[in-house]
Number of protein chains: 2
Amino acid sequence: MTEPGQRRSGRAGAATIYDIAERAGVNPSTVSRALNHPGRVSAATEARIRQAADELDFHANPMARALPTGRTRTLALVLADVTNPVVFGLIRGAERAAAAAGYTLVIAESQESGAVEAATVERVAPAVDGIVLATSRLADDEIGAIAARKPVVTVNRGGSASANVSPDVEPGIAALVTHLADLGHRTLAFLAGPADSWTSTRRWGALYAAARARGLHIVEIGSNAPTVEGGGDAYERCEASGATAVVAYNDLMAMGLIQAARAAGRRVPADLSIVGFDDIFGAALITPALTTVRADLELAGEHAVTHLLALMGEGDAPADCAELATELVVRDSTGPAPTR
Amino acid sequence: MTEPGQRRSGRAGAATIYDIAERAGVNPSTVSRALNHPGRVSAATEARIRQAADELDFHANPMARALPTGRTRTLALVLADVTNPVVFGLIRGAERAAAAAGYTLVIAESQESGAVEAATVERVAPAVDGIVLATSRLADDEIGAIAARKPVVTVNRGGSASANVSPDVEPGIAALVTHLADLGHRTLAFLAGPADSWTSTRRWGALYAAARARGLHIVEIGSNAPTVEGGGDAYERCEASGATAVVAYNDLMAMGLIQAARAAGRRVPADLSIVGFDDIFGAALITPALTTVRADLELAGEHAVTHLLALMGEGDAPADCAELATELVVRDSTGPAPTR
DNA sequence: ACAGATTTGGCAACCGGTTGACAAGCGCCG
DNA sequence: CGGCGCTTGTCAACCGGTTGCCAAATCTGT
C-alpha cells in the first residue's frame with residue numbers, strides 16, 4: 001500500500017499462495033485446492049505444492065481466508081468478570097476444546113453489566129464464528145437476538161433462548177441438604193447472588209425444594225454482589241435470620257461470610273455452618289476449609305465449546321451432558337447444629 | 001457463494017458499505033472515507049452517509065478491513081497456565097487496556113511448555129497485531145525471532161530480546177529481608193520455581209543479594225513446579241535446610257508449603273515462617289494469612305498492552321513504569337524466629 | 001467574469017485467499 | 001479410430017473494505 005511495487009517476493013511478510021504457485025509452476029487456485037481439498041489435485045502436484053509451501057514457511061492469511069468463506073475459526077467467550085475464580089475452569093476448558101478443534105478463543109469481559117455485555121458482543125460478534133455466553137446478564141430476548149445472528153451457547157443460563165450448558169445442581173444440592181439435616185440443622189438460609197442471576201435463582205429453587213421436602217425451614221437473604229465483599233456484608237443479615245447453616249450463592253461469598261463471622265467472634269462451624277458453590281481455587285485453603293457443591297466448570301467450558309462447534313456444523317455430536325452432575329464436597333465449614 | 005444471486009439487500013448478514021452507498025447515493029469509496037477520514041468528505045455528505053449507516057445498523061467487517069491494511073485490531077496474550085491465579089490480574093489489566101483502545105484480546109495457553117508456546121504463537125501470530133508473552137518458557141532467541149515479525153512485549157522476562165514489563169522486585173525484597181531479619185531469622189531458604197523461569201532466577205538473585213548484605217545465610221532449594229503441589233512436595237527439603245524462614249517462588253508454592261507444614265504438625269509461623277510472591281487471590285484467605293511480596297499484576301497487564309500499542313505506533317507514550325514497584329504485605333505467616 | 005487553487009467524489013486496483021465454470025488431457029471402450 | 005467420461009488445472013469473479021490518482025465541482029481573488 002504505502003510502499004508501491006516491491007510487493008512480491010523477498011518481503012518480510014508471510015508468503016502467499018501466489019509465491020507458492022510461482023515456485024511450483026502452477027496456478028494460485030491450484031495451490032488453494034491442493035492445500036484444502038485433498039484429492040482434488042493429483043498426488044504429484046500436491047506433493048510439489050506442499051514442498052514449496054514448506055520451503056516458504058507458508059501460513060494462510062486467516063483474514064484473506066475469512067473474507068470469502070465468512071468463517072474466521074475464532075470463538076468468543078464472554079464473561080461477567082475475568083477475575084472471578086469461578087471462570088478459570090471455564091476458560092481453561094473452553095480454550096482447550098477450541099484449540100483442539102483448531103479454533104482460537106477470544107475472551108471478552110462484560111464487567112457484570114448487561115449494557116457492557118451487549119456492547120461487547122456487538123463489537124466482537126462480526127469477527128467470530130460463535131459465542132459462548134457465560135454468566136450472562138442479558139435478558140432472554142437479547143440473547144435470542146444474538147443467537148439469531150450467530151451460533152450461541154450459554155453457560156449456566158437456562159431457558160429456550162439458546163443452547164445451554166449447565167451443571168445439574170440437583171444431585172449436589174440433594175446431598176447437601178441431606179448432609180445438613182443429618183447434622184441436625186433445622187433452619188437454613190440461602191445467601192442469594194445478584195437479582196438477575198439465573199444461576200442464583202436456580203440454586204435457590206432447588207435448595208428450597210430439597211429443604212421443604214425434608215421439612216426444613218429455609219429463608220432467602222436479599223440479593224448480594226457475588227464477591228467476597230458481598231458475602232461479608234451480608235453477615236449481619238445471616239445472623240438475624242436465625243439459621244444455623246448458611247448456603248451462599250457461591251464460594252466467594254461463602255469465604256467472605258466465613259471471614260466476617262470469625263471477625264465477629266463466631267466459630268465456624270461450631271456456631272454457624274457455611275456452605276458455598278463451585279469449589280473454586282482457595283476453597284480448600286481457607287480455614288475452615290469450605291464445604292461446597294462442586295461443579296466441574298472445566299468440563300462445562302469444554303462442553304460449551306463442543307456444543308457450539310456442533311451448532312456450527314463443525315462438531316461431532318454434542319457430548320453427553322450427564323457428566324456435568326454436581327457433587328457435594330464436605331470439608332470443615334459444616335458441623336453439627338449448635339444445641340440451643 | 002453457495003447461494004447465488006440474492007446477495008444484496010434483505011440478507012440476514014450485515015450491511016456493507018455498498019448498501020450504504022446505494023442508500024446515500026454515493027460511491028462506496030466515499031462511504032469508506034466519510035466513516036474513517038473525518039474531514040475528507042463534505043459535512044453534508046458525511047451526515048447523509050452516517051444516517052444511512054445507522055439506519056442499516058452498519059458495522060464494518062473486520063476481516064475485510066484487515067485485508068488491505070494488514071491490521072486486525074487484535075492482540076494476543078500468551079500465558080503458561082490460565083488457571084494460575086497469578087495471571088488473573090494480568091488478564092484483567094490487559095483486557096481492560098485493550099478494550100479501552102478498541103482492541104480485542106485473544107488468550108492463548110501454552111501449558112507450561114516451550115514447544116506448545118512456540119506452536120501457539122505460530123498459530124495466532126498471523127491474526128493479531130501484537131503479542132504479549134507472559135510467563136514465557138521460550139529461549140531468548142526464539143522470542144527475538146517472533147519479535148522480528150510482530151511487535152512483542154514480554155512480562156516478567158528481562159533481557160534484550162524484546163520490550164519488557166516487569167515489576168521491580170527490589171523494594172519488596174528489601175523490605176522482606178528487613179522484616180525477616182528484624183524477626184530474628186538468620187538462615188533463609190528460597191524455594192525456587194521452574195529452572196527455566198526468568199522470574200525465579202531474578203527473585204533468587206535479588207533475595208540472595210539482600211540477604212548477604214545483611215549477613216544472613218541463604219540457600220536455594222532445587223527447582224520445583226510453581227504450583228500448590230510443588231510447594232508441598234518440597235516441604236521435607238525445606239526442613240532439612242535448617243532455615244527458619246522459607247521464601248517461596250510464588251504464593252501457590254507458599255500455600256502448598258503451609259499446608260504440608262501444618263499437616264506435619266509444625267506451627268506456622270511459630271516453628272517456621274513462610275513467605276510468598278504475588279499476593280494472589282487466596283493469600284489473605286489461607287490460615288495463617290500469607291505474608292507476601294505483592295506486585296500489581298493488573299497494572300502490569302495494562303502496562304504491557306499500553307507498551308505494545310506504543311510499539312505499534314498506536315500508543316501514546318509507554319507509561320511510566322515506576323508504579324510497578326513491589327511491596328511487602330505482612331500478614332500472619334511470618335513471626336519471630338524460634339529460639340533454639 | 002475568468003484563471004487558478006482547493007474541495008469533493010468517483011474509478012479502479014488491490015489485499016489474499018476460495019470456488020464455480022470450463023477446457024484441456026487422458027484412458028477406455030466399442 | 002472416434003466418441004465418452006473422468007481427472008486435473010486454469011480462468012475469473014468474488015468476499016468487503018481501503019486508497020492513489022484523477023476529474024468535476026466549488027471557491028478564491030481580482
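Proteins come first, then strands; the chains are lettered A, B, ... in the order of their sequence lines, and each starts at number 1.
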Chemist: Restricting to salt bridge (charged side-chain N to carboxylate O under 4.0 Å, His left out), what partner residues turn up for B/E142, sequence neighbours left out?
Modeler: none
Chemist: Which whole-number value in Å describes the distance from B/E22 CD to D/dG16 P?
Modeler: 14 Å
Chemist: Tell me, which of residues 33-49 of chain B have any heavy atom that sits under 4.0 Å from an atom in DNA chain C?
Modeler: B/R33, B/G39, B/R40, B/V41, B/S42, B/T45
Chemist: Using heavy-atom distances to pick each residue's nearest nucleotide on DNA chain D, tell me which of A/L67 and A/P28 is more 5'.
Modeler: A/P28
Chemist: Whole angstrom is fine here: how far is it from CD1 in A/I20 over to P in C/dG17?
Modeler: 8 Å
Chemist: Ignoring hydrogens and angles, answer whether the base of D/dC11 and the side-chain atoms of A/S29 contain a donor-acceptor pair closer than 3.5 Å.
Modeler: yes
Chemist: If you look only at pairs with a residue in residues 94-109 of chain B, which of them pass as a side chain to side chain donor-acceptor pair (under 3.5 Å), with sequence neighbours excluded?
Modeler: A/R92-B/E109, A/R123-B/T104, B/R71-B/Y103, B/R96-B/E298, B/Y103-B/E314
Chemist: Nearest whole angstrom, please: distance from the P of C/dT19 to the CZ of A/R71.
Modeler: 10 Å
Chemist: Rounded off to whole Å, could you give me the CZ-to-C1' distance for the A/R65 and C/dG16 pair?
Modeler: 11 Å
Chemist: Do any side-chain nitrogens or oxygens of A/N61 fall under 4.0 Å of OP1 or OP2 in C/dC15?
Modeler: no
Chemist: Quickly, which of B/T135, B/V121, B/I107, B/L138 forms a side-chain contact (heavy atoms from CB on, under 4.5 Å) with B/V78? Name it, please.
Modeler: B/V121
Chemist: Would a 4.5 Å heavy-atom cut-off, applied to side chains only, mark A/M312 and A/L75 as touching?
Modeler: yes
Chemist: Could you check whether any side-chain N or O of B/T120 sits under 3.5 Å from a backbone N or O of B/S110, counting only pairs where one atom can act as donor and the other as acceptor?
Modeler: no
Chemist: What is the separation between atom CG on B/L56 and atom P on D/dG17, rounded to the nearest whole Å?
Modeler: 11 Å
Chemist: What integer distance in Å separates B/R73:CZ from D/dT18:P?
Modeler: 12 Å
Chemist: For the helix from C/dA1-D/dT30 to C/dG30-D/dC1, figure out the bend between the end axes, five pairs an end, and round to 10 degrees.
Modeler: 40°
Chemist: Could you name each residue pair satisfying salt bridge (Lys or Arg N to Asp or Glu O under 4.0 Å) that touches residues 25-48 of chain A, not counting sequence neighbours?
Modeler: A/E46-A/R50
Chemist: Check whether any side-chain N or O of B/T30 sits under 4.0 Å from OP1 or OP2 of C/dG10, and answer yes or no.
Modeler: yes
Chemist: Can you measure A/Y18 atom OH to C/dC15 atom C1' for me and round it to whole angstrom units?
Modeler: 9 Å
Chemist: Please name the pair of heavy atoms, one in B/I20 and one in B/A52, separated by the smallest distance, quoted to 0.1 Å.
Modeler: CG2-CB, 3.9 Å
Chemist: List for me each residue that meets side-chain hydrogen bond (donor to acceptor under 3.5 Å, both in side chains) alongside A/S32, sequence neighbours excluded, and say none if there are none.
Modeler: none
Chemist: Counting only N and O atoms by type, is there a donor-acceptor contact under 3.5 Å from the side chain of A/D129 to the main-chain atoms of A/T72?
Modeler: yes
